[in-house]
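In listed order, ligands and their atoms are each counted from 1. We're numbering straight along the sequence, starting at 1.
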Amino acid sequence: MSYFDETSDLPSGLKGLFLRSKVSLSIADPNREDCPLVGVNEPFCDLSGYGADEVLGHNCRFLQPSDGAGPVRARMRRFLSDDTVTDGKFLIPNCTKQGDRFLNLVYMAKLEHQGRVSLILGSQFGVRIHSSQGTDAYELALKEDLRQLKTLADQRDWTVLGSYDALASSHSMIARLRME
Ligand SMILES: Cc1cc2nc3c(=O)[nH]c(=O)nc-3n(C[C@H](O)[C@H](O)[C@H](O)COP(=O)(O)O)c2cc1C
C-alpha cells in the first residue's frame, strides 16, 4: 500500500519525512481540482481510521461531520485562498471513519516551488478537551519535522512558507475552547 499519489511528483525528502514522522501529516495539491490529498502518513491513518487508499485523491473535508463543521471551515477556505497568509492553525470538529467525533487541531503551511504555492502541508492532532496531555510533545515533534522539511526544501528549490508562529498556539486554543 502506498501513502502517496504516485502521479504527483512529490520531493523524495518529503516522502521520507512522512514515513519517519510520529505525528499525523498530510499533503495536498492546490493546483489540482478541489485540492486533493496526494500524501498522508501512518499516524494520519491511525487518527482518522481511514486507509491511505481511501483518502488519496479526496479533499480532506471528508473528515468533517455531515451536520457541518461550523465557521472554522470558512476560515480554512479563506486561509487557502489568501496568498498573503503562509501558515495557520484551526480547531475543527471531525469524525473518524468509525463515526467517533473528535476535535482536530489542524496546522497548515504552504510550500512554494518556483515562485508559486505548489503544495499544502497539513498536520492533525486529536485534542482531549479536559487535559492538555500530549500537546507539548506534539508541538515539539511537528516543529522538528518542519525544521527538517525546511532544510530539505532549501536544497531542492522549494520553500516552506510560514514563521512557526501559528504552531505554538495549541494551549491557548484549547484553553479558549474550555471557556466557551
Ligand atoms: C493539507 C490539508 C489538510 C487538511 N486537513 C484537514 C483536516 O484534518 N480536517 C479538516 O476538517 N479539514 C482539513 N483540511 C481543510 C479542508 O480540506 C478544506 O480546505 C476546508 O474544509 C475548507 O474548504 P471547503 O469549504 O471547500 O470545504 C485540510 C486541508 C489541507 C489542504
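Of the options Leu105, Asn59, Ile92, the smallest heavy-atom separation from atom 18 (C) of ligand 1 is shown by Asn59. Considering each of Arg73, Met76, Arg78, the one bringing a non-hydrogen atom nearest atom 15 (C) of ligand 1 is Met76.
Taking every heavy atom of Ala28 and a limit of under 4.0 angstrom, the matching atoms of ligand 1 come to 1 (C), 31 (C). Atoms of ligand 1 found under 4.0 Å from any heavy atom of Ile120 (numbered from 1 in listed order, with element): 1 (C), 31 (C). Heavy-atom contacts of Ser26 reach the following atoms of ligand 1: 3 (C) (cutoff under 4.0 Å). Remark: ligand 1 atoms within the under-4.0 Å shell around heavy atoms of Gly122 are 1 (C). Heavy-atom contacts of Cys60 reach the following atoms of ligand 1: 4 (C), 5 (N), 6 (C), 7 (C), 8 (O), 13 (C), 14 (N), 17 (O), 28 (C) (cutoff under 4.0 Å). Atoms of ligand 1 lying under 4.0 Å from at least one heavy atom of Asn104, given by number and element, are 7 (C), 8 (O), 9 (N). For ligand 1, the atoms closer than 4.0 angstrom to any heavy atom of Asn94 are 7 (C), 8 (O), 9 (N), 10 (C), 11 (O). In summary, the atoms of ligand 1 found under 4.0 Å from a heavy atom of Arg61, numbered by their order in the structure, are 16 (C), 17 (O), 21 (O), 24 (P), 26 (O), 27 (O).
A side-chain donor-acceptor contact under 3.5 Å links Glu6 and Ser2. Between the side chains of Asp145 and Ser21, a donor-acceptor pair is found at a separation under 3.5 Å. Remark: the Glu112 side chain and the Ser118 side chain contain no N/O donor-acceptor pair separated by less than 3.5 Å.
The shortest contact between atom 25 (O) of ligand 1 and any protein heavy atom is with Arg77 NH1, 2.4 Å. When only non-hydrogen protein atoms are considered, atom 21 (O) of ligand 1 lies nearest to Gln64 NE2, 2.9 Å. Shortest contact from atom 19 (O) of ligand 1 to any protein heavy atom: Leu80 CD1, 3.2 Å. What sits closest to atom 2 (C) of ligand 1 on the protein, heavy atoms only, is Met108 SD, 4.1 Å.
Assignment of Ala69 to the shell around ligand 1 is not supported, since no heavy atom sits closer than 4.0 Å.
Using a 4.0 Å cut-off between a side-chain N of Lys or Arg and a carboxylate O of Asp or Glu, Asp46 and Lys22 do not qualify as a salt bridge. Looking at Asp82 and Arg77, no side-chain N of the basic residue comes within less than 4.0 Å of a carboxylate O on the acidic one, giving no salt bridge.
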Stepwise salt bridge (charged side-chain N to carboxylate O under 4.0 Å, His left out) check, Arg101 with Asp67: CA-CA 12 Å; Arg101 280 178 179 255; Asp67 54 357; 2.9 Å; yes
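With values rounded to the nearest 0.5 angstrom, Ser24 atom OG is found 7.0 Å from Asn104 atom CG.
Residues Lys89 and Ser170 approach most closely at NZ-OG, 2.6 Å, considering heavy atoms. For the pair Gly13 and Leu152, the tightest heavy-atom approach, listed with the atom from each and the gap, is O-CD1, 3.5 Å.
When ring centroids are compared, Tyr107 and Phe125 stay outside the 6.0 Å threshold.
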